[in-house]
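No hydrogens, no waters, no symmetry mates; every other heavy atom, side chains included, goes into these values. Numbering starts at 1 and runs along the sequence shown.
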Amino acid sequence: MSPQRNKYLYLILPLLLAISFIADILWGSVKIPVSEIVSSLFNPAASNHVWATIITEFRIPKALTALLAGSALSVCGLLLQTFFRNPLAEPYILGLSSGSSLGVALVILTTHKLGLSLVTMGEMYNKLGVTVAAIIGGGITLLIVAIASRRISNNITLLILGLMLGYIISSFESILKYFSTAESLQGYVVWGMGNFGNVVWGDLWVIIPVVLAGLLTAFFLSKPLNLLLLGESYAVSMGANIKFIRLMIIITTGVLGGVITAFCGPIAFLGIAVPHITRNLFHTADHKMLIPLVALCGSILAILCDILSQLPGSEQTLPINAVTSLIGAPIVIWIIISQRKVKHSFMEE
């Protein structure tokens, strides 16, 4: 890969992010003239009140959420792929999303059984409980997989373990669903489909600092992550504190994956697809470059998926997971088929 081509990509990606972000605001189930969108942003008093509300209270928060979710989940995938030295590792496959989902299920599906109501509990308390439950659930699941990874050297076996944990967690979720009320079950099912549009400005004041802190922490882990690519023994010989690095990776991915899952539902395949797309675009394994580039590419892909889920020109909206799966699943198939090639590029300097 020539430095000149990389230079062009560095310029194109931010431009593509800006264009896709604007497009996500422009397109939706309600057709709004561009002039009204500009007026809503710069002169709300002179614009149509209904259209201004749709733009400022729905479309802009949704586009920002897609941007943040894409970057957070993609960086999670990169950290986990490096940590487990496995090109198929990502929050969804390794059970992190399943653990977060179980935590959310315990909050949403058991409140009525405890004689509580999500309405009477208050919106702030409800979302705080869901967020904390998602982070704890995902962190515990990831910790179990991390402990098992010290005894399991085979990558495929580790993935199977993650899948089995996911099945076990799903069985507990099924039990909770069976004994839950129709109202709470409906809320949980809708949440589980994945949606960037349920986030409001108040939620973003929680998501933004958490995601930025997580991405910054991941960037500061760039050097030890580069050492881990060459093996734990080499990392130790270079003075790396493996236990501390493991703990920081688990905390970072648990918090990033947990907060996005809590507010947007379990979003599949972004974490596995984007790191591979970025490596193939830039041909680098240096995490100091990869982490910001993966975050950027993840934001672009998530926003594009959100645009497609809106079915521009239609009044219908698809669950975001339906779109991310259509894009991400073929990439996973390609990884499995060309495993040797991927493994080689994964370790490429």
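Residues Ile291 and Leu215 approach most closely at CG2-O, 4.4 Å, considering heavy atoms. Shortest non-hydrogen contact noted between Ile267 and Gly194 is CD1-CA, 3.9 Å. Nearest heavy atoms, Ala148 versus Leu161: CB-CD2, 3.2 Å. Residues Arg279 and Leu78 approach most closely at NH2-CD1, 3.3 Å, considering heavy atoms. Residues Gly298 and Val274 approach most closely at N-CG1, 3.5 Å, considering heavy atoms. The shortest non-hydrogen separation linking Leu13 to Cys297 is CD1-SG, 3.9 Å.
The backbone N or O of Phe219 sits less than 3.5 Å from a side-chain atom of Ser222, completing a donor-acceptor pair. Side-chain atoms of Asn321 come within 3.5 Å of backbone N or O of Pro266 as a donor-acceptor pair. With hydrogens and angles ignored, the 3.5 Å screen pairs no side-chain donor or acceptor of Ser71 with any backbone N or O of Ser299. The backbone N or O of His287 sits less than 3.5 Å from a side-chain atom of Asn226, completing a donor-acceptor pair. Here the side chain of Asp203 pairs a donor or acceptor atom with the backbone of Val200 at under 3.5 angstrom.
Separation of atoms CG (Leu17) and CD1 (Ile12) is listed at 13.5 Å; rounding is to 0.5 Å. Note that the CD1 atom of Ile136 and the CG atom of Leu143 stand 13.0 Å from one another [nearest 0.5 Å]. A distance of 10.0 Å separates CD1 of Ile303 from OG1 of Thr65, quoted to the nearest 0.5 Å. To the nearest 0.5 Å, the span separating CG on Asn280 from NE2 on His283 amounts to 6.0 Å. Rounding to the nearest 0.5 Å places CD1 of Ile272 at 12.0 Å from OG1 of Thr324. Annotation: the span from Ile60 atom CD1 to Ile25 atom CD1 amounts to 4.5 Å, rounded to 0.5 Å.
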Is there a side-chain contact (heavy atoms from CB on, under 4.5 Å) between Thr278 and Thr284? Walk through the geometry before answering. CA-CA 9 Å; Thr278 308; Thr284 181; over 6 Å; no

Which is it for Val211 and Ile260 under the side-chain contact (heavy atoms from CB on, under 4.5 Å) test, yes or no, and what are the steps along the way? CA-CA 9 Å; Val211 170; Ile260 297 302; 4.1 Å; yes

After noting the C-alpha distance and the side-chain angles of Phe282 and Leu290, does the key distance pass the side-chain contact (heavy atoms from CB on, under 4.5 Å) rule? CA-CA 9 Å; Phe282 293 92; Leu290 270 180; 5.9 Å; no

Walk me through whether Val199 and Leu68 qualify under side-chain contact (heavy atoms from CB on, under 4.5 Å). CA-CA 12 Å; Val199 175; Leu68 293 166; over 6 Å; no

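By the 4.5 Å heavy-atom criterion applied to side chains, Ile108 and Leu176 are not counted as neighbours. Taking the side chain as every heavy atom from C-beta outward, Thr53 and Phe58 never approach each other to under 4.5 Å. Counting only heavy atoms from C-beta outward, the side chains of Phe263 and Leu204 never approach each other to under 4.5 Å. Within the 4.5 Å cutoff, the side chain of Thr141 has no heavy atoms near those of the Ser98 side chain. Looking at Trp27 and Asp306, their side chains never come closer than 4.5 Å, going by heavy atoms from C-beta outward. Residues Leu73 and Glu90 are not in side-chain contact: their nearest non-hydrogen atoms beyond the backbone lie 4.5 Å or more apart. By the 4.5 Å heavy-atom criterion applied to side chains, Leu304 and Ile327 are not counted as neighbours. Using a 4.5 Å heavy-atom cutoff, the side chains of Leu229 and Thr82 are in contact.
By the neighbour-count criterion of 12 heavy atoms within 6.0 Å, atom CE of Met238 is sparsely surrounded, having that number or fewer from other residues, nucleotides or ligands.
Applying the side chain to side chain donor-acceptor pair (under 3.5 Å) test to every pair with at least one member in residues 241-257, sequence neighbours left out, gives these pairs: Glu232-Arg246. The stretch residues 11-24 participates, sequence neighbours left out, in these side chain to side chain donor-acceptor pair (under 3.5 Å) pairs: Asp24-Lys62.
There is a path of hydrophobic side-chain contacts, each under 4.5 Å, that joins Val294 to Tyr10. Both Leu296 and Ile22 belong to a common hydrophobic cluster when Ile, Leu, Val, Met, Phe, Trp and Tyr are linked at side-chain heavy-atom distances under 4.5 angstrom. In this structure, Leu256 is not a member of the same hydrophobic cluster as Leu216, with clusters built from ILVMFWY side-chain heavy atoms closer than 4.5 Å. In terms of hydrophobic clustering, with Ile, Leu, Val, Met, Phe, Trp and Tyr side chains grouped at heavy-atom distances under 4.5 Å, Phe220 and Leu225 are assigned to different clusters. Leu326 and Leu318 are members of different hydrophobic clusters when ILVMFWY side chains are connected at heavy-atom separations under 4.5 Å.
Residues forming a ring pair (Phe, Tyr, Trp, His ring centres under 6.0 Å) with Tyr188 (at least two apart in sequence, or on another chain): Trp191.
No side-chain N or O of Gln310 forms a donor-acceptor pair with one of Arg59 less than 3.5 Å apart.
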